[in-house]
Protein chains: 2
Amino acid sequence: MVNNKFLVIYGDLAEKIQSGRFPAYSLLPSEHELAARYGVSRETIRKALNMLAQDGYIQKVRGKGSIVLDVARFNFPVSGLVSFKELAERSGKKWKTIVYELILQKPDHLMKNLLQITGNEDVWKVVRSRELDGERIILDIDFIKRSRVPTLTKEICENSLYEYFENDLGLVISFAKKEITVEEVTAADRAYLDLKGTDHVVVVKNFVHLDDATLIQYTESRHRLDKFRFVDFARRQKSVNGLLAGVRSGK
Amino acid sequence: MVNNKFLVIYGDLAEKIQSGRFPAYSLLPSEHELAARYGVSRETIRKALNMLAQDGYIQKVRGKGSIVLDVARFNFPVSGLVSFKELAERSGKKWKTIVYELILQKPDHLMKNLLQITGNEDVWKVVRSRELDGERIILDIDFIKRSRVPTLTKEICENSLYEYFENDLGLVISFAKKEITVEEVTAADRAYLDLKGTDHVVVVKNFVHLDDATLIQYTESRHRLDKFRFVDFARRQKSVNGLLAGVRSGK
DNA sequence: CAGTGGTCTAGACCACGGC
DNA sequence: CCGTGGTCTAGACCACTGG
């Protein structure tokens, strides 16, 4: 059960936009109107509307109203923090995960630095390839702090680490810093991916944090070039850059 | 002059975090404390804090407080909607833009579709390469609606289109949908980029909209593989996927 | 001018963390 | 238990759009 009114309203409006009950380029009812309709205060409506704007459903225009954006045309932005299993199932295609390596090891210097380990903590290393429609197109190399994840099995790695973290261990994955670059293929790429002759892969480096801000996992996702796609909805910062100008130049 | 209290507070706190006056992994003063200190209501503080959380400066933990994140380690996320000029100048390197083509043309069928043109409107086509440290590493191909941008010169294209749109034409760029993929190089890439032998480029397709939600520009940015880097700060969606489950499966 | 969204307030109650 | 952040309210004033 969801208790938060603004989340319910967000979901309701998002559904109505996606289903076309609020057509693209039309105006949403005004905030006052929505507040009356849902029986909540205007600030609660505004919270839901701001989330919709953030996620690319609407564009708010002062003095005018909230314009419904063409979600279909936007082709469903899938950035954010989503597991391969969630993505694959959303696509409706056949998927499989193959586990090549699952070991507990002492982190080397580089890995201690990346995972911010100071003591003698061990680290899980997991190497998996992701198969979609019969082709191994992604190679995932995970390093996970043992202090947060005491046990790990092949079965878990074949299903979904995030699902295990969240549902079984009660961990709450909260945010990640990700970096996308392109690198030359390694021996591991050649061994565990169906490369089709290309000599580069897209590399997504992911630092995953829990809701208490601690780092739990570093992941390197290596994608075959022709199968990589990243879609994002970006808003332009207004005066923030100006506000921070002194920080970059000064001190 | 910025009148918004929450923006001033956001900027002030962001500066204090970046300069280390609020050290990483420490707790910010509580919301009540900050409200008293800045002489504003708690909701105003919360607005600023939520923006800081969104941008990766802090992590809010219920019952505990707001944890300052390690911004230096996060290496300054530069996603969002930023012009090449803004990015280049931030990096401190020598940059130059070379204009190869600047023409007004009738859009073909594909372009009319991409730019959502229904009538007989003409479209600016601009082809430019971006040079950083003496190498042409990005090829930008822009298509711009003439109805929004009546005049365009080589000088403007050599400087910054966004700057011209915003400062001279009074347009407000608001959001974009972007898509990142990898494609094989074209003849134009070979002609206008210093490719160094690679046969693929990273392609960033950008649909840029104004604050009234109208589309103004479609841009294809083609990056040399070894110079492409995209950094993002992503938060995990909570129950939103659950709320929308019915949309994807049913009706 | 009326209607819209943007900002801000002072207060309330709740859920959670840690002592 | 107290202090934290999370949600919500009813109202206020402002800035902007449009007729």
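The sequence lines fix the lettering, A, B, ..., with proteins before strands; numbering per chain opens at 1.
Distance, A:I67 CD1 to C:dT4 C1': 12 Å, rounded to whole Å. Atom CG of B:L210 is separated from atom P of D:dT17 by 14 Å (rounded to the nearest Å). In this entry the distance linking CZ of B:R62 with P of C:dC13 reads 17 Å, nearest Å. C:dG11 atom P lies 17 Å from atom CD of B:E31, rounded to whole Å. To the nearest angstrom, C1' of C:dC14 lies 12 Å from CZ of B:R46. Rounded to an integer number of Å, the gap from CG of B:L34 to C1' of D:dT4 is 12 Å. Atom NE2 of B:H32 and atom P of D:dG3 are 11 Å apart (whole Å). Distance, A:I58 CD1 to C:dT4 P: 15 Å, rounded to whole Å.
In this structure, B:N206 and B:K177 have side chains that are not in contact, with every pair of non-hydrogen atoms separated by 4.5 Å or more.
Using a 4.0 Å cut-off, some side-chain N or O of B:K60 falls inside it from OP1 or OP2 of D:dG6. Applying the 4.0 Å criterion to OP1 and OP2 of C:dT4, one finds that A:S30 has a side-chain N or O inside that range.
With salt bridges taken as basic N to acidic carboxylate O contacts below 4.0 Å, none links A:E121 and A:R146. Salt-bridge annotation for B:E166 and A:R236: present, with a side-chain N of the basic residue lying under 4.0 Å from a carboxylate O of the acidic one. Checked for salt-bridge contact, B:K125 and B:D142 miss the test: no charged N lies under 4.0 Å from a carboxylate O.
Ring centers of B:F84 and B:Y162: at least 6.0 Å apart, outside the cut-off.
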CA sep, side-chain torsions, deciding dist, call: B:Y10, B:N4, side chain to side chain donor-acceptor pair (under 3.5 Å): CA-CA 10 Å; B:Y10 170 91; B:N4 310 52; over 6 Å; no
Below 3.5 Å is the cut-off: list the nitrogen or oxygen pairs between protein and nucleotides 8-10 of chain D, distance only.
{"residue": "D:dC8", "atom": "OP1", "partner": "A:K5", "partner atom": "N", "Å": "2.4"}
{"residue": "D:dC8", "atom": "OP2", "partner": "A:F6", "partner atom": "N", "Å": "3.4"}
{"residue": "D:dC8", "atom": "N4", "partner": "B:E43", "partner atom": "OE2", "Å": "2.2"}
{"residue": "D:dT9", "atom": "OP1", "partner": "A:K5", "partner atom": "NZ", "Å": "3.1"}
{"residue": "D:dT9", "atom": "OP2", "partner": "A:S41", "partner atom": "N", "Å": "2.7"}
{"residue": "D:dT9", "atom": "OP2", "partner": "A:S41", "partner atom": "OG", "Å": "3.0"}
{"residue": "D:dT9", "atom": "OP2", "partner": "A:T44", "partner atom": "OG1", "Å": "2.6"}

